[in-house]
2 protein chains.
Amino acid sequence: MTLRVAIGPSSFADEDPAPRRLLETAGVEVKENPFKRRLNEAEIIDHLKDVDGLVAGLEPLNRRVLESAAPRLKAVARVGIGMTNVDLEAAQALGIKVSNTPDGPVNAVAELTLAALLALLRRLVPTNAALHAGQWKKSIGAGLMGAKVLLIGYGRIGRRVAVLLRAFGAKVLVYDPYLDRGTLRDEELPVTLEEGLDEAEVISLHASGDTCLLDAHAFEKMRDGVLLLNSARGELVDEQALVQALDSGKVAGVWFDAFWQEPYTGPLTRYEQALLTPHTGTYTRQCRLDMETTAVQNLLRDLGR
Amino acid sequence: MTLRVAIGPSSFADEDPAPRRLLETAGVEVKENPFKRRLNEAEIIDHLKDVDGLVAGLEPLNRRVLESAAPRLKAVARVGIGMTNVDLEAAQALGIKVSNTPDGPVNAVAELTLAALLALLRRLVPTNAALHAGQWKKSIGAGLMGAKVLLIGYGRIGRRVAVLLRAFGAKVLVYDPYLDRGTLRDEELPVTLEEGLDEAEVISLHASGDTCLLDAHAFEKMRDGVLLLNSARGELVDEQALVQALDSGKVAGVWFDAFWQEPYTGPLTRYEQALLTPHTGTYTRQCRLDMETTAVQNLLRDLGR
């Protein structure tokens, strides 16, 4: 019997056909996402009829969906890290193997973090706007050589950011309560959150979870004129406290790629010193291709191909 | 007799008083720039009366000026690399020692180059503008891992850019007719200009001189959708040919920090895909401090202090 695989993500193989070809070369029949957008529960139940595997996006894969697709559905391969849309318990009970692609986003998110930090340090956005408006206004920026950068959260992405920062000569401070200090390099200095907030000129969030780490109290402890970067989750920061810190000048600039609600239309959009991107940390051609390729490989492995 | 030193650059020690203090600690009497802007010939002649040394900016230090200041003027220390404002032959004939600070701008220019490249690759400027205008529009960007970057000119700044690019996993191609190939690392691939233009996804100019290297013919040889970065000199690129290449889509994006005329108000200001900065490659606090400190040290050494 020919293996059939359904595609969840609306943009699968849009930028590069290689991941689809990998399925076809393995003799798999590919069932495309018929709507080219995220499927709702009724649609994904329909989409999963008579398929052996799913290349999964963020469509709801709850117990009802998985039960309706079993027993033929044998494997789900997420393109990405997050698994909050998958009922892992139900999948296990139904004998459905579930995989994700934890390394895929690392470079793309780390590169966007550096892009945003360098842009803030050198005031790229206002300077470019002024020159396009006919104004030649030089202003002094800051460099990364010797700058103290606190990373909050030191998993795959935090570590990659640290490697890049060290290449620029920055001094990397690391706060991560789950940290095994034996895995740190000499140049990576483990600190308490208090120490880190007190010393850092730049703070970058790479933590998971949704506990608020930066509240009004934490902002008070920061250095005047600090830069704050958030590619992780909106919930890690108290939005109101941040707005106050921007108003007071305590925080000189921020970059946010992850928000409290998305699409985001909140107060940060009114601050010129806020650099904002619409959760596009993983949006590079290389990253999409890496994650899609890895997801297909995971799926083929879990289907015994 | 107390040594007297005149200050040329209008912004000397504005960001950090340390370089001025270095002079004062050495017992030197400091004569400030009275106009806080670049001095013309008459003004610098007046400014150099009865001084032993000059911390120099870009004021005209031609034969007339130097002859009027000799024999008391013994040393000129440029804050920066360029010496085109100094008549070196006249200085030598008059026994005036001249120094510059070739390493000062390296990090600042290399960092701004990476800032601009990453911003272009991830479309930071239009994405940020859209979000501030209430539009949540994701678009796919590109990463540096595996990207082919051609560096034209491989002096101090080009080499530092290469180190940073390699940290991001880019493949660095090098074109420099003055290159000693023995000094290249394994990962740095020397190419002819034709080979480089044919292969590169990104081209970054770090050459000196004012010979046009990128004319209409060169643009034809480039890959479609190439990015072009210029932190070196406007004259290296044919402006009209560049505008045509932007119109045709041959060039997908550019960053210019150095222009044909400055202040620049030319056609690039009309292109959204042109990221423009007002010759601020060296405008970081670290860089100004480094260059000013080194210039003062050079001057004190040349005055025998």
Side-chain angles (χ1 to χ4, degrees), chain A residues 11 14-15 107-108 110-112 114-119 121-125 127-147 163-164 166-169 255 262-265 268-272 274-280 283-288 290, chain B residues 11 14-15 107-108 110-112 114-119 121-125 127-147 163-164 166-169 255 262-265 268-272 274-280 283-288 290:
Chain A
S11 61
D14 268 2
E15 291 286 328
N107 283 325
E111 288 178 17
L112 190 58
L114 265 291
L117 173 54
L118 289 164
L121 287 169
R122 302 302 282 273
R123 306 175 200 268
L124 271 193
V125 170
T127 304
N128 172 65
L131 231 161
H132 278 271
Q135 294 156 37
W136 183 268
K137 288 197 301 191
K138 296 187 180 212
S139 70
I140 201 100
L144 275 175
M145 182 66 69
V163 166
L164 295 176
R166 283 205 310 276
F168 283 88
W255 165 58
E262 298 184 3
Y264 181 74
T265 54
L268 288 189
T269 60
R270 297 195 299 269
Y271 287 81
E272 202 196 31
L275 180 65
L276 306 176
T277 49
H279 215 143
T280 46
Y283 276 56
T284 67
R285 287 192 290 273
Q286 287 91 334
C287 177
R288 304 308 291 178
D290 278 3
Chain B
S11 60
D14 268 1
E15 291 287 328
N107 284 324
E111 287 179 17
L112 190 57
L114 266 291
L117 174 53
L118 290 164
L121 287 169
R122 301 302 281 273
R123 305 172 198 272
L124 271 193
V125 170
T127 304
N128 172 66
L131 231 161
H132 279 271
Q135 294 156 37
W136 184 268
K137 288 195 302 190
K138 296 188 181 213
S139 70
I140 200 99
L144 274 177
M145 182 65 71
V163 167
L164 296 175
R166 282 204 312 274
F168 283 88
W255 165 57
E262 296 182 5
Y264 181 73
T265 55
L268 288 189
T269 61
R270 298 195 299 269
Y271 286 82
E272 203 195 32
L275 180 65
L276 305 177
T277 49
H279 216 143
T280 46
Y283 276 57
T284 67
R285 288 192 289 274
Q286 288 90 333
C287 176
R288 304 307 293 178
D290 278 2

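So you know, we letter chains A, B, ... as the sequences are listed, proteins then strands, and number each from 1.
- Looking at Glu111(A), both its backbone and its side chain come within 4.5 Å of chain B, counting heavy atoms on both sides.
- The two residues Leu131(A) and Pro278(B) make their nearest non-hydrogen contact at CD1-N, 3.4 Å.
- Side-chain atoms of His132(B) never come within 3.5 Å of backbone atoms of Leu276(A) as a donor-acceptor pair (strictly under, hydrogens ignored).
- In this structure, chain A has heavy atoms under 4.5 Å from both the backbone and the side chain of Tyr264(B).
- Screening Leu275(B), Leu124(B), Thr269(B) against Asn128(A) for a side-chain contact (heavy atoms from CB on, under 4.5 Å) leaves a single residue, Leu275(B).
- Among Ser139(A), Ala116(A), Cys287(A), the residue with the largest count of heavy-atom pairs under 4.5 Å with chain B is Ser139(A).
- Considering CG of Leu121(B) and CZ of Arg285(A), their distance stands at 8.5 Å, rounded to 0.5 Å.
- In this structure, Asn107(B) and Phe168(A) have side chains that are not in contact, with every pair of non-hydrogen atoms separated by 4.5 Å or more.
- Smallest separation of non-hydrogen atoms from Ala115(B) and Ala119(A): CB-N, 4.5 Å.
- Side-chain contact check for Thr284(A) versus Ile140(B): every heavy-atom pair is 4.5 Å or farther apart.
- In terms of heavy-atom pairs under 4.5 angstrom with chain A, the leader among Val125(B), Thr277(B), Thr265(B) is Thr277(B).
- Between Arg122(A) and Thr280(B), the shortest heavy-atom contact is NH2-O, 3.0 Å.
- A distance-only check finds a donor-acceptor pair linking the side chain of Lys138(B) to the backbone of His279(A) [under 3.5 Å].
- Your options are Leu114(B), Asp14(B), Val163(B), Leu164(B), and the one with the most heavy-atom pairs under 4.5 Å with chain A is Leu164(B).
- For Ser11(B), no part sits under 4.5 Å from any heavy atom of chain A, backbone or side chain.
- Residue Arg166(B) does not touch chain A at all, counting heavy-atom pairs closer than 4.5 Å.
- Annotation: maximal heavy-atom pairing with chain B below 4.5 Å, among Ala142(A), Ala167(A), Gly169(A), occurs at Ala142(A).
- Proximity to chain A is limited to the side chain of Glu15(B), based on heavy atoms less than 4.5 angstrom apart.
- When each of Gly146(B), Gly134(B), Ala274(B) is scored by its heavy-atom pairs under 4.5 Å with chain A, the top score falls to Ala274(B).
- Across Glu272(B), Lys137(B), Gln286(B), Arg270(B), the residue that shares the most heavy-atom pairs under 4.5 angstrom with chain A is Gln286(B).
- Neither the backbone nor the side chain of Leu117(A) comes within contact range of chain B, judged by heavy atoms closer than 4.5 Å.
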